[in-house]
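Notes follow the structure.
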Amino acid sequence: MSNKKHFHTIIIGAGPGGLSCAAHLARIGKDVLVLERNKTIGSKVCAGGVTWSGLARHLPDELIQRQFNKQYVHSTWQKTIVQATDPIISTINRETVGSWMAQNATHSGATLLTNQLVVKITENEVHTKSACFTYDFLVGADGSNSMVRRFINVPTHLIGAGVHYHIPGHFPKMIWHLEPALFKSGYAWIFPHKDRASVGAYANRSDLSPKKLQQNLHHWMKKHGMNFKGLKAEAATINFDYQGWRFGNTFLVGDAAGLASGLTGEGIYPAVLSGETVAQTIVDPTYKCGKLNRLIKKQRRHTQLLTFCGSRTLVATAVLEALVTALKLKIISFNSLEMGE
Ligand SMILES: Cc1cc2nc3c(=O)[nH]c(=O)nc-3n(C[C@H](O)[C@H](O)[C@H](O)COP(=O)(O)OP(=O)(O)OC[C@H]3O[C@@H](n4cnc5c(N)ncnc54)[C@H](O)[C@@H]3O)c2cc1C
């Protein structure tokens with residue numbers, strides 16, 4: 001008899017994508033295992049911004065750090081304020097929200113094992129250093145450098161990089177700085193949390209190297225009087241090379257599927273939505289994936305815009321100034337830049 005434990009579905013990665021998928025499957029009685037390499041859930045490099053139209057309105061109030069009805073958008077030539085009655089973006093602590101999502105999944109009946117780096121995948125087995133499990137369905141929720149994606153031979157060419165600092169203090173405004181001379185078609189941000197702010201920058205990696213991105217962020221922070229001496233920079237990649245999410249009995253969600261926005265780097269809500277959709281599809285292969293399809297379309301538009309600008313500063317300046325003017329004149333909404341509904 002085999003000593004390998006069998007699960008209906010094995011999910012690799014306990015980020016927002018993996019945990020939302022696990023909670024949904026477990027709730028309908030499926031035997032689910034989530035394997036996470038880290039000891040703690042949610043220790044992910046992230047600015048922690050969630051949109052009202054995406055995840056924020058589904059979170060309990062106590063998980064929200066700050067909320068902002070106004071977004072300050074500064075470009076090379078213009079400054080504008082986008083305003084709404086609902087908070088446009090809220091900030092969250094990834095570890096707190098991660099623990100809450102992990103509890104939802106385990107209370108629904110999912111098995112979650114932390115400190116379990118997956119080292120090998122085969123057509124019906126998943127190996128960690130100390131154990132082997134078998135599966136009917138496999139879900140790759142293992143982020144932007146996904147092992148599951150490599151296992152099914154889906155390459156990744158379109159990838160962004162983000163770098164940020166946690167700056168202590170009270171920051172009153174949520175600000176986006178679109179400065180193509182420094183960040184091409186990416187941007188720098190100030191996302192305030194309770195007693196600190198995430199201050200960072202994001203850009204398409206093929207337009208700007210991560211090293212140059214960090215140098216330019218330093219230049220920008222100095223220009224804006226922000227002191228990062230003694231603070232540790234945190235950086236990570238964001239995959240926006242979407243090439244599908246169902247591959248036979250193997251599925252990709254979130255960053256593993258390349259579902260983050262190449263333009264804004266927003267990836268938490270796409271991860272949650274795709275996690276839920278994968279769970280529904282595993283249970284019912286005829287499930288209509290309208291919400292996810294709309295999100296994929298929006299993601300494609302973002303990638304097209306990004307590719308059009310490329311590393312050409314002048315083109316990016318023209319496009320981003322047009323975007324800010326359109327926001328100012330309310331021709332487009334902030335929503336059309338986010339991934340929410
Ligand atoms: C600097 C920066 C700022 C960002 N800010 C925002 C923001 O404000 N708002 C937003 O929406 N998005 C933001 N993002 C993007 C966001 O963090 C990701 O898109 C999101 O976390 C993707 O969720 P996920 O569940 O797909 O993957 P992840 O959150 O990356 O989770 C993947 C999990 O898989 C685990 N894992 C990986 N490999 C293995 C393995 N072999 N075995 C076991 N476990 C494994 C990892 O440890 C991790 O816990 C930011 C990204 C960066 C880099």
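Quick note: numbers below take in every heavy atom, side chains included, and nothing from hydrogens, waters or symmetry partners. For ligands, and for the atoms within them, numbers begin at 1 and follow the listed sequence.
Nearest protein heavy-atom contact of atom 31 (O) of ligand 1 is Gly15 CA, 3.5 Å. Atom 4 (C) of ligand 1 has its closest protein heavy atom at Ala47 N, 3.4 Å. Summary of contacts: the protein heavy atom closest to atom 50 (C) of ligand 1 is Ile238 CD1, 3.9 Å. At the shortest separation from atom 29 (O) of ligand 1 among protein heavy atoms lies Arg94 NH2, 3.1 Å. Among protein heavy atoms, the minimum distance from atom 32 (C) of ligand 1 is reached at Ala141 O, 3.3 Å. Here the heavy atom of the protein found nearest to atom 27 (O) of ligand 1 is Gly143 CA, 3.8 Å. When hydrogens are left out, the protein atom nearest atom 34 (O) of ligand 1 is Gly13 CA, 3.2 Å; that is the closest non-hydrogen contact. For atom 43 (C) of ligand 1, the closest non-hydrogen atom on the protein side is Arg37 N, 3.2 Å.
For the residue pair Thr128 and Gln116, a side-chain donor N or O sits within less than 3.5 Å of a side-chain acceptor on the partner. For Lys291 and Thr277, the side-chain atoms include no donor-acceptor pair closer than 3.5 Å.
Residue-level proximity to ligand 1 for Ala236 is carried by backbone and side chain together, each with a heavy atom below 4.0 angstrom. Of all the heavy atoms of Tyr202, none lies under 4.0 Å from any atom of ligand 1, so neither backbone nor side chain is involved.
Contacts of Tyr165 classified as ring pair (Phe, Tyr, Trp, His ring centres under 6.0 Å), with partners at least two apart in sequence or in another chain: His218, Phe228.
Taken from OG1 in Thr111 to CD1 in Ile10, the straight-line distance is 10.5 Å, to the nearest 0.5 Å. Between atom CG of residue Asp207 and atom CZ of residue Arg312 there is a gap of 10.0 Å, rounded to the nearest 0.5 Å. Here OG of Ser198 is found 10.0 Å from CZ of Phe171. Values are rounded to the nearest 0.5 Å.
Within the 4.0 Å heavy-atom shell around ligand 1 one does not find Glu234. In this structure, Pro16 counts as a contact residue of ligand 1, since one of its heavy atoms falls inside 4.0 Å of the ligand.
A cation-pi arrangement is present between Lys173 and Tyr72, with the terminal nitrogen or guanidinium carbon under 6.0 Å from the aromatic centre and inside a 45° cone about the axis.
For residues 63-91, no pair satisfies salt bridge (Lys or Arg N to Asp or Glu O under 4.0 Å), with sequence neighbours left out.
On a distance-only criterion, Cys46 and ligand 1 share no N/O pair closer than 3.5 Å.
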